[in-house]
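Residue indices begin at 1 and follow the sequence shown. Quick note: numbers below take in every heavy atom, side chains included, and nothing from hydrogens, waters or symmetry partners.
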Amino acid sequence: AKAADAVPSAAAMDAALHAARVLSRRGTKRTFEARLERLPDGAFIRWRDAPALVQGDSLRPWTPSGYAAALPRPASARVTLLTPAPTVAVLTAGYRPALHQSAL
């Protein structure tokens, strides 16, 4: 509600997330370009050709067996954002997701 300035219905949230995740005609994942320094904790980016979690002053590369060791988060970089824009808005508004123990 804080991110949307309203209390959206589940159907409205689902529709917004679907539109932000998938290019409708191709069915491929939609990504966005973003400034790394502006992204909230919990967002996922493509870093060195792999997904990584933004976490404080670190990036945590994701692997199928869990998160890898933390890498320093650059002070400034343009990155490919994998997290849908509505989810980034929710994270920016203060939501903190539960993380796998390998990210702690």
Check: Does atom CD of Q101 have more than 12 heavy-atom neighbours, drawn from other residues, nucleotides or ligands, at distances under 6.0 Å?
Finding: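 No, not enclosed.
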Check: Around atom CZ of R35, are there more than 12 heavy atoms of other residues, nucleotides or ligands at under 6.0 Å?
Finding: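 More than 12 within 6.0 Å, yes.
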Could you grab the distance from atom [atom1] of [X] to atom [atom2] of [Y], nearest 0.5 Å is fine?
X: R30; Y: L82; atom1: CZ; atom2: CG; value: 14.0 Å
X: T83; Y: I45; atom1: OG1; atom2: CD1; value: 9.5 Å
X: L99; Y: D41; atom1: CG; atom2: CG; value: 9.0 Å
X: L36; Y: W47; atom1: CG; atom2: CH2; value: 6.5 Å

Please list, chain by chain and in numerical order, all residues satisfying side-chain contact (heavy atoms from CB on, under 4.5 Å) with [X], sequence neighbours excluded.
X: A85; answer: none
X: A89; answer: A3
X: S65; answer: T63

Check whether any side-chain N or O of [X] sits under 3.5 Å from a backbone N or O of [Y] as a donor-acceptor pair, and report yes or no.
X: R96; Y: L91; answer: yes
X: Q55; Y: R60; answer: no
X: S102; Y: G66; answer: no

Item checked: Validation row: F32, T80 side chains within 4.5 angstrom (heavy atoms) ->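 Counting from C-beta outward, F32 and T80 never come under 4.5 Å.
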Note to self: What I'd like to find out is whether the side chain of R46 reaches to under 4.5 Å of the side chain of T31, using heavy atoms alone.
What the structure shows: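 R46 reaches T31 side chain to side chain.
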Next item on the list: Return the minimal non-hydrogen interatomic distance between L39 and A34, and the atom names on each side.
Entry: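 Closest approach of L39 to A34: CD2-CB, 4.0 Å.
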